[in-house]
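All remarks here apply to the structure that follows.
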Amino acid sequence: MTVGEMAERVEISHRTVRYYDDEGLLPARRSAGNYRLYGEDALARMMTIRRLKPLGFTLEEMRKVLALLDAASAPSSATDPDRPQLLERLVELEADVRQRREKLEEHVAGADEIIASLRPLLP
DNA sequence: GTTCTAACA
DNA sequence: TGTTAGTA
C-alpha cells in the first residue's frame, strides 16, 4: 500500500507516516516511481507506534522497542545465546509500560476532577 | 487525483 | 505537525 492508504488505515496523517520513514522509525520500500510502499507487516508496526506515542515514548525509544520486539519475535530468538538478556529487557519494557499506564490513569483522574468541578457551575 | 521533496509557520 | 509550492 502507499502512504495514503497506510495513513488512512492506521488513522495517522500521511505527513506523520512520511516523517516516521524519514526518521528511520518505519522505513518504507520504494516503487519504481519512488513512491513509498508498505506491506501488512508495516501496518502492524505502525499500529504499535501509534500505541506507543500516547504513552510518551520518544521516536528513539520507539526504535528500541521495535527492535526489541523484532529480536524477541525472530525465529532465532529461541536459540539465541543472549536469550536471558532478551527476556530481561522484555520484562523491563513491561514494567516501563505499566508505569506509563499508571501515569495515564492519573491524567484521567485529573480530567474527572475537572469535569466534577464543572458540574456545579453548569445549568 | 496521489505522491515526492523542501521549506515555512 | 499542517500546509504550500512545484513535480512526476
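Quick caveat, the model's predicted, so the values are computed rather than measured. Residue numbers start from 1 in every chain, and the chains themselves are labelled A, B, ... in the order their sequence lines are given, proteins ahead of strands.
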message = Quick check on contacts: within residues 54-64 of chain A, what sits under 4.0 Å from DNA chain B by heavy-atom distance?
response =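 Of all residues in residues 54-64 of chain A, none places a heavy atom under 4.0 Å from DNA chain B.
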
Polar atom pairs between nucleotides 1-4 of chain B and protein, under 3.5 Å, N or O only, would you list them?
unit_1: B:dT2; atom_1: O2; unit_2: A:Y35; atom_2: OH; d: 3.1
unit_1: B:dT3; atom_1: OP1; unit_2: A:T2; atom_2: OG1; d: 2.8
unit_1: B:dT3; atom_1: OP1; unit_2: A:G4; atom_2: N; d: 2.9
unit_1: B:dC4; atom_1: OP1; unit_2: A:R36; atom_2: N; d: 2.7
unit_1: B:dC4; atom_1: OP1; unit_2: A:R36; atom_2: NH1; d: 3.0
unit_1: B:dC4; atom_1: OP2; unit_2: A:R18; atom_2: NE; d: 2.6
unit_1: B:dC4; atom_1: OP2; unit_2: A:R18; atom_2: NH2; d: 3.1
unit_1: B:dC4; atom_1: OP2; unit_2: A:R36; atom_2: NH1; d: 3.3

Whether [Y] and [X] form a salt bridge (side-chain N of Lys/Arg under 4.0 Å from carboxylate O of Asp/Glu) is what I want to check.
X	Y	answer
A:E61	A:K64	no
A:R89	A:D82	no
A:R98	A:E94	yes

task = Please check if A:M6 and A:L37 belong to a single hydrophobic cluster, counting links between Ile, Leu, Val, Met, Phe, Trp and Tyr side chain heavy atoms closer than 4.5 Å.
result =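 A:M6 and A:L37: separate clusters.
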
Note, [X] side chain near [Y] side chain (heavy atom, < 4.5 Å):
X	Y	value
A:F57	A:R100	yes
A:I49	A:L66	yes
A:L25	A:Y19	no

inquiry  = Run the salt bridge (Lys or Arg N to Asp or Glu O under 4.0 Å) test against A:E113 and tell me which residues pass, sequence neighbours left out.
reply    =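 So A:E113 forms no salt bridge (Lys or Arg N to Asp or Glu O under 4.0 Å) with any residue.
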
query = How would you list, by chain and number, every residue that makes a salt bridge (Lys or Arg N to Asp or Glu O under 4.0 Å) with A:R30, sequence neighbours excluded?
reply =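 A:R30 satisfies salt bridge (Lys or Arg N to Asp or Glu O under 4.0 Å) with A:D21 once adjacent residues are dropped.
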
ask   = Taking atom CD of A:E60 and atom CD of A:E23, what is their separation to the nearest 0.5 Å?
value =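 Between atom CD of A:E60 and atom CD of A:E23 there are 10.0 Å.
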
Whole angstrom value for the distance that separates P of B:dC8 from CZ of A:R15 =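 Going from A:R15 (CZ) to B:dC8 (P), I get 13 Å.
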
key: Enclosure of A:Q99 CD (heavy-atom neighbours >12, cutoff 6.0 Å)   =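 Counting other residues, nucleotides and ligands, CD of A:Q99 stays at 12 neighbours or fewer.
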
request  = Please work out the stems of DNA chain C from pairs that are Watson-Crick or G-U wobble with both distances under 3.5 Å, keeping only runs of three or more consecutive pairs.
outcome  =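 In DNA chain C, stems of three or more pairs: B:4-9 with C:1-6.
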
query = Does the A:R50 side chain pair with the main chain of A:V10, one donor and one acceptor, at a distance under 3.5 Å?
reply =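 Yes.
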
Protein N or O to nucleotides 4-7 of chain C N or O, pairs below 3.5 Å:
none

